[in-house]
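The chains referred to below are lettered A, B, ... by the order of the sequence lines, with proteins before strands, and numbering in each begins at 1. All figures in this text were calculated on a predicted structure; none of them were measured in a lab.
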There are 2 protein chains.
Amino acid sequence: MPRKSRTSPRREESLTRDRIIDAAVELLDCSGEGGLTFRALSERLATGAGAIYWHIDNKEDLVTAACEAIVARTLETTVEGANPKAAIRALALGVFDAIDAHPWVGSALTRAMGQQPILRIVERIGQQVRQLGGSGDQQWAAASALLHYILGVSGQNAANTQYARTHGLDRSEFLEAMSNTWSQLDPVEYPFARSVTHQLRTHDDRADYLAGIDLILAGIDAHRA
Amino acid sequence: MPRKSRTSPRREESLTRDRIIDAAVELLDCSGEGGLTFRALSERLATGAGAIYWHIDNKEDLVTAACEAIVARTLETTVEGANPKAAIRALALGVFDAIDAHPWVGSALTRAMGQQPILRIVERIGQQVRQLGGSGDQQWAAASALLHYILGVSGQNAANTQYARTHGLDRSEFLEAMSNTWSQLDPVEYPFARSVTHQLRTHDDRADYLAGIDLILAGIDAHRA
DNA sequence: TTTAAGAATGGAACAGTGTTCCATTATCCC
DNA sequence: GGGATAATGGAACACTGTTCCATTCTTAAA
């Protein structure tokens, strides 16, 4: 890795950490997690693997950086809401949509605890939770639950998307097949699963996600009262 | 793969799908996700890779099966609570502890949507949610939020555990370092992160997780009323 | 008891991965 | 100009999951 960024770059088309990260994001977006290889990256950047390693520590470092790029972009464009709750909803949806559009960010964020992308999200959530009031511990609990719910559910949703993609079917056929399987389960052993096959077929992941956020927000109100 | 299990096995020590899965669980438990390789598995079972592939489709199949074994074991030993809410808490803690003890189950479950281990957990949650009453859609929303929260947060926690393990530090030093970093952040840009450094250092993941469950349960009550 | 079929085995080979190493080139400062 | 060093590109390495195949074992029929 270069000690510091040079004042004047070698040439206009010179290999840069940023150029590498951009190429990595493109590869991840169009070919999924498995699509990011140093071979493919070398080819796209018209260079060798060694040159990339001059700017990048290792693959984990690269994916985290790509992740950071998406998160920064997302938090920039997520507008603030009228009140704290609306702002939290907007933020939650922004993260959900970003991870839905870039599924690899879901699993990458899971592995990047304590690093900058997470820190940024925590801060944004926390600033809104603060305005809801409550003791320091209550604020911690609220922010913690929200963060984990947001990362957890968004990541789960992204994993489902990728699972369907990998196995070559789209969301609706996947849910249709799953619903059919569930409806044929043993009624004694699986009464609940059988009872929700209709919701399984017709539900909206994004709406359910938001409903969960509202559930937590309602819980925060109830606990503070 | 063998068509069906043979009536009389070749010999007492014969290679079985179950024996392979058991060995896989052991490897995953003591060496983490990266520790499960067909080389290590072959050595432990004193056989070759080809013999394993006779019983197992591929690595994904193997990990899912290992996951299923842990989930089944967990749901068996998780006792039921006095009332629905207590039962949900007990179940949530059971899953959390199981994933905490076998961190690889967290990411494996994330990738196994719609398969049997998930189905079993859904059913257990749903049966308790049902007893809380509410409309079918409300039950779906509640079960969905709980399932995603449980899987998401437990998985997140497991990822943290593995991250610390991989980077060779234990939980407390990891949190200590993170807390120090956060306390030195810019006060204008990161007021919330700075304000929770104490909670970050001293918090209990398991307690926070349970607090989140209670938040959701409180939200369910509030929504139904 | 012999025999043919097929279940099961173990290990060699293959394509692909992340990473390291190194000879070579470009750029800057004196 | 001439070092010194930043930066490059590609060959080599150790490792992975998976496939292939010659060989062994087990079973059921002849």
Whole-Å distance separating the [atom1] atom of [X] from the [atom2] atom of [N]:
{"X": "A/Asp61", "N": "C/dG18", "atom1": "CG", "atom2": "C1'", "value": "14 Å"}
{"X": "B/Tyr53", "N": "C/dC14", "atom1": "OH", "atom2": "P", "value": "17 Å"}
{"X": "B/Ile56", "N": "C/dA8", "atom1": "CD1", "atom2": "C1'", "value": "14 Å"}
{"X": "B/Ile52", "N": "D/dT19", "atom1": "CD1", "atom2": "C1'", "value": "14 Å"}
{"X": "A/Leu15", "N": "C/dA26", "atom1": "CG", "atom2": "C1'", "value": "14 Å"}
{"X": "A/Asn58", "N": "C/dT17", "atom1": "CG", "atom2": "C1'", "value": "14 Å"}
{"X": "A/Glu43", "N": "C/dT17", "atom1": "CD", "atom2": "P", "value": "11 Å"}
{"X": "B/Leu41", "N": "D/dC15", "atom1": "CG", "atom2": "P", "value": "18 Å"}

> Do the side-chain N or O atoms of B/His55 get closer than 4.0 angstrom to the phosphate oxygens (OP1, OP2) of C/dT9?
Replying inline: yes
> Below 4.0 angstrom from OP1 or OP2 of D/dT8, is there any side-chain N or O of A/Trp54?
Replying inline: no
>> Under 4.0 Å, heavy atom to any atom of DNA chain C: which of residues 30-40 of chain B qualify?
In response: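 Here the set is empty: none.
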> Which distance, rounded to the nearest 0.5 Å, do you find between the NE2 of B/His55 and the CG of B/Leu45?
Replying inline: 10.0 Å
Any salt bridge (charged side-chain N to carboxylate O under 4.0 Å, His left out) involving [range]? Give me the pairs, sequence neighbours left out, ordered by first then second residue.
{"range": "residues 37-53 of chain B", "answer": "B/Glu26-B/Arg44"}
{"range": "residues 106-124 of chain A", "answer": "A/Glu33-A/Arg111, A/Glu68-A/Arg120"}
{"range": "residues 100-110 of chain A", "answer": "none"}
{"range": "residues 155-176 of chain A", "answer": "A/Arg171-A/Asp205, A/Glu176-A/Arg201"}

> Applying the side-chain contact (heavy atoms from CB on, under 4.5 Å) test to A/Ser144, which of B/Val196, B/Asp208, B/Val153 qualifies?
Replying inline: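 Exactly one option meets the side-chain contact (heavy atoms from CB on, under 4.5 Å) with A/Ser144, and it is B/Asp208.
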>> With nearest nucleotide decided by heavy atoms, which residue, B/Lys59 or B/Ala51, maps closer to the 5′ end of DNA chain D?
In response: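 Result: B/Lys59.
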>> Suppose the criterion is ring pair (Phe, Tyr, Trp, His ring centres under 6.0 Å): which pairs have a residue in residues 20-43 of chain B, not counting sequence neighbours?
In response: B/Phe38-B/Tyr53
>> Nearest heavy atom decides the nucleotide; on that basis, is A/Gly50 or B/Ala49 closer to the 5' end of DNA chain C?
In response: B/Ala49
